[in-house]
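Working notes for the structure below.
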Amino acid sequence: MTGLSTSAVHGDDGLVPGGAVAPPIVQSVTFSADSDEQFTAIATETRGSAFYTRYGNPNHAQVAAVVAELEGAQTGLVTASGMGAISTIALALLCAGDHVVVQRSTYGGTTSLVTGLLSRFGVSYTQVDQTDTEAFARAIREKTRLVLVETPSNPLLELTDLSAVAELAHAAGALVVVDNTFATPVNQRPMALGADLVWHSGTKFLGGHSDVSAGVVVGSAELVERVWQTAIVTGATLGPVDAWLLLRGIRTLPLRVERHNANALALARALEEHPAVARVRYPGLPSHPQHALAQRQMTGFGGVLSVDLRAGRAGAAALLDGLRLAKRAASLGSVSTLVVHPRSMWAGIVDAEQLAATGIGDGLVRVSTGIEDTADLVDDFLAAADKATG
Ligand SMILES: *Cc1c(COP(=O)(O)O)cnc(C)c1O
């Protein structure tokens, strides 16, 4: 097995035709056959790349192979977005009457999928506090098919004990599905800790440049094939150009994540000392309540942190207004530092009561560090924090 940087560059060797060093974009939805026999063969091939692009495309195969190698999984597939990935996984593996365990604090789209769409189709659910492994044990029951996990979670940076939860789920015959968007395989490899499927919003760190929407699913050949059978029906197909852009981003993933990690740790340390700040949430800080777990299951602590301002909403607004380099924008995992006030972003989507119940206060700001110079970012945030004392 090679290192992650080598996998990011060479994980698709053998899948690129001819002598091209950069893979060509195969912008074709259909592929010709020389005979009826050959046509039948390509049309019935599982996850083939030479029939029709909704079934597969060479650009899909290349990027899926690279992410599978990075995550230590047998194989993978790509979708048009992260939500395309998790909704296809759910529709592939669940039936009416099944039960799902999901974290209370998870990506908003994942919450909506479980509590809205799936429940309309007769799939019940239990939401749990991810920091309490016993809560998973209490929630898992005979009908539980999937345990949906996200760690660190958005935007509170709480952790799930992956190997403990995998053990509990497997003992009950349930599958563990992990959203590894925040950590990336550079910082955390859930397959090695017992995950059955790992998925990503490729829109975030994997793509890395805020210029492509994509999703990825990796796991065993058997499970990925089941997801693929559903993907060709639901049709969240990634365009070949976007698959190419995603792969282009992934080539530098380990390099970028190294800088994201360093920038987030430096910002977390600097802001924790600032009088305007009540609390910094970052798994890499010794003050994080689950720092020991972070050290056990992560090799780096990621590019995202959250900051609670003492002056509440006014403090959060002053911090955001005062920033020069960081942009006020949704999404994360970009080369550019992005900041959001989660309560404002989700005001029309998740009700205030639910947000407050999950601990997302009015003074909370989420920071997704980019790859700018560390000193410039620290200066930008400290200057803005000086104006946020209330
Ligand atoms: C953005 C995000 C998603 C959804 O991905 P899209 O590509 O926007 O569909 C899922 N999980 C996490 C943790 C995310 O940040």
Side-chain angles (χ1 to χ4, degrees), residues 60 63-64 67 71 76-91 102-118 130 146 148-160 162 177-188 190 195 197-218 227 231 234-239 242-243 245-246 249-250 253 257 260 264 281 283 298 301-306 329-334 336-340 342 345-346 349-350 358 360 366-370:
H60 293 173
V63 71
V67 179
E71 290 283 7
L77 61 81
V78 290
T79 55
S81 65
M83 287 315 301
I86 186 59
S87 60
T88 306
I89 290 170
L91 293 172
V102 65
Q103 296 174 186
R104 196 168 292 135
S105 182
T106 190
Y107 182 72
T110 306
T111 302
S112 301
L113 171 71
V114 174
T115 64
L117 193 146
L118 292 178
Q130 73 188 101
L146 299 184
L148 303 183
V149 171
E150 180 186 329
T151 179
S153 64
N154 181 23
L156 295 174
L157 287 308
E158 292 179 330
L159 307 188
T160 308
L162 287 171
V177 176
V178 180
D179 181 342
N180 205 30
T181 300
F182 264 48
T184 83
V186 180
N187 290 324
Q188 174 175 281
L197 286 172
V198 172
W199 65 283
H200 281 269
S201 168
T203 316
K204 313 295 169 52
F205 290 98
L206 296 189
H209 295 71
S210 301
D211 55 11
V212 61
S213 165
V216 187
V217 181
V218 301
V227 177
T234 54
T237 310
L238 187 64
D242 287 344
L245 268 175
L246 178 60
I250 291 170
L253 178 74
V257 169
H260 286 296
R281 300 165 193 260
M298 303 178 81
F301 303 114
V304 184
L305 61 144
S306 285
S331 198
L332 52 98
S334 174
S336 178
T337 297
L338 304 177
V339 287
V340 283
M345 181 166 66
W346 294 328
I349 307 164
V350 188
T358 54
I360 300 168
R366 185 188 74 195
V367 181
S368 173
T369 56

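Because the structure is a prediction, the values reported are computed rather than measured. Just so you know, ligand 1 is whichever comes first in the structure, and atom 1 is the first atom listed for that ligand. Numbers here are sequence positions counted from 1.
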Do T110 and W199 have side chains that approach each other closer than 4.5 Å (heavy atoms only, starting at C-beta)? yes
Could you grab the distance from atom CD1 of I86 to atom OG of S81, nearest 0.5 Å is fine? 11.0 Å
One should read off an interatomic distance between T184 OG1 and H200 NE2, to the nearest 0.5 angstrom, of 7.0 Å
S153-Q103 side chain donor-acceptor pair, cut-off 3.5 Å: no
From Q130, E150, E158, residue fulfilling side chain to side chain donor-acceptor pair (under 3.5 Å) relative to T106: E150
Contacts of S336 meeting side-chain contact (heavy atoms from CB on, under 4.5 Å) (sequence neighbours excluded), chain-then-number -> K327, S334, L338, E372
When you check ligand 1 against the protein, what N or O pairs turn up below 3.5 Å? List the atom names and distances, or just say none.
from     : atom 1 : to   : atom 2 : distance (Å)
ligand 1 : 5 (O)  : S201 : OG     : 3.0
ligand 1 : 7 (O)  : G82  : N      : 2.8
ligand 1 : 7 (O)  : S201 : OG     : 2.8
ligand 1 : 7 (O)  : T203 : OG1    : 2.7
ligand 1 : 9 (O)  : G82  : N      : 3.1
ligand 1 : 9 (O)  : M83  : N      : 2.8
ligand 1 : 11 (N) : D179 : OD2    : 2.7
ligand 1 : 15 (O) : K204 : NZ     : 2.7

